[in-house]
Amino acid sequence: MISQDDLNALKARFLSDIYSATSVEVLNDIRVSALGKKGEISNLMKSLGKMSPEERKSFGMMFNDIKAELTEALDIKHTSLKDIALEARLAEEKADITLEPRPEHVGTCHPVSKVISEVIDIFAELGFSYAEGPEIESEDYNFTKLNIPEDHPARQMHDTFYLPGEIDGTRAVLRTHTSPVQIRTMMQEKPPIRILVPGKTYRCDSDMTHTPMFHQVEGLVIEDGISLAYLRGTLHYFCEKFFETDKIDLRFRPSFFPFTEPSLEVDVKCDRSGGQIKIGQGNDWLEILGAGMVHPKVLENCGYSAQDCQGFAFGMGIDRLAMLKYGIADLRAFFDSDLRWLKNYGFAAYR
């Protein structure tokens, strides 16, 4: 007949084997040897049928306690061995992240980023400060306050990306120009104002010279005594600096924009021979931007008095400026994420 001392000795032996196990495989063998269907504990439990009811109750509780204690010890040891094995594997398979990057991964500055920096620098010399605003705008700021009528084609779904929901009680849109930043600035500040607003804009259009998302830069000046002469001088200075020539010849043509009056298209003299456009020479003309005097209704919509102040505004495409200056034929290539193209047209991070 098995005694309590025999059970304690058996438990101590299995616990010792469990604690000294060096692998999950060895531990599984101990589990089978102790608690398997043909294991020692299972075989001893068969003797309960030959015991008296009192002994069966007492030894049955001891068997259950031993099984519970061995099971807990097996589980704890199993977790410990798995952690040790994982740490060993990680140590063996670790990667050396201190290696130098491959030379072909060295980045360059995108032409659009380069042009934005150039334009900001040039207008900073003329006292313009940098301004920015949200790309998701209200229809009020994007159209209404800019004197764009309700039935204007620019408001139609085929030209503008409308978004679900409203902003300030009007439909939300992806801004079609950076002009809403001019409105926000005029509603928050008083003259004199002299700001430059570069940023992303969105319109439903895609071909060699248009993309659904493109970059635009606009300028706004609101001061006493401002006239078209100041506008012409400002744009002439910019073109000289940007195209790096002192032979700039500009031509102003009458046009129409809802937010300026009078409105102008600005051309620069160029040479188109040889399949290239050369600014500052030749007898051809190339349109580069739109401009004009700020419309009195726009001033009034922003809380200004058209009798007390006036100003001018201009806008041009940054992507198109980059195409002209660096001889890039297709605007869509700007957004193709082709590293070979960027390697050819890319620039150092900053001069």
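Quick caveat, the model's predicted, so the values are computed rather than measured.
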Open item on the list: One thing to verify: whether R184 and E137 come together as a salt bridge, which I'm taking to mean a side-chain N less than 4.0 angstrom from a carboxylate O.
Closed with: yes
Open item on the list: Donor-acceptor pair, distance only, cut-off 3.5 Å: does the side chain of R175 make one with the backbone of K200?
Closed with: yes
Task: Closest non-hydrogen atom pair between K82 and V24, with its separation - done: CG-CG2, 4.4 Å
TODO: Say whether, by atom type as modelled, one donor and one acceptor occur between the side chain of Y304 and the main chain of M186 under 3.5 angstrom.
DONE: yes
- [ ] Mind listing the closest non-hydrogen atom pair of Q216 and T178 along with its distance?
- [x] OE1-N, 3.0 Å
Task: Aromatic plane relationship, W341 with H110 - under 30° parallel, 30 to 60° tilted, over 60° perpendicular - done: tilted
Open item on the list: Check this for me, if you would: do E139 and R171 make a salt bridge, where the nitrogen-to-carboxylate-oxygen distance has to be below 4.0 angstrom?
Closed with: yes
Open item on the list: Regarding D284 and K278, does a basic nitrogen lie under 4.0 Å from an acidic carboxylate oxygen?
Closed with: no
Open item on the list: Working to the nearest 0.5 angstrom, can you tell me the gap between H295 NE2 and I148 CD1?
Closed with: 11.5 Å
Open item on the list: Under a 3.5 Å cutoff, is there a donor and acceptor pairing between the side chains of T176 and D159?
Closed with: no
Task: Side-chain donor/acceptor of R251 to backbone N/O of L286, under 3.5 Å - done: no
Task: Non-hydrogen side-chain atoms of V221 and Y230 separated by less than 4.5 Å - done: no
Task: Residues E244 and K325 bridged, charged N to O under 4.0 Å - done: yes
TODO: Look at the aromatic rings of F259 and H177 and report parallel, tilted or perpendicular, splitting at 30° and 60°.
DONE: perpendicular
Task: Flag side-chain contact, heavy atom, 4.5 Å: F128 against T234 - done: yes
TODO: Evaluate the side-chain proximity of V115 to V217: yes if any heavy-atom separation is below 4.5 Å, no if none is.
DONE: no
Open item on the list: Within the 4.5 Å heavy-atom criterion, are L220 and V197 side-chain neighbours or not?
Closed with: no
Task: Donor-acceptor contact below 3.5 Å, side chain S33 vs main chain D29 - done: no
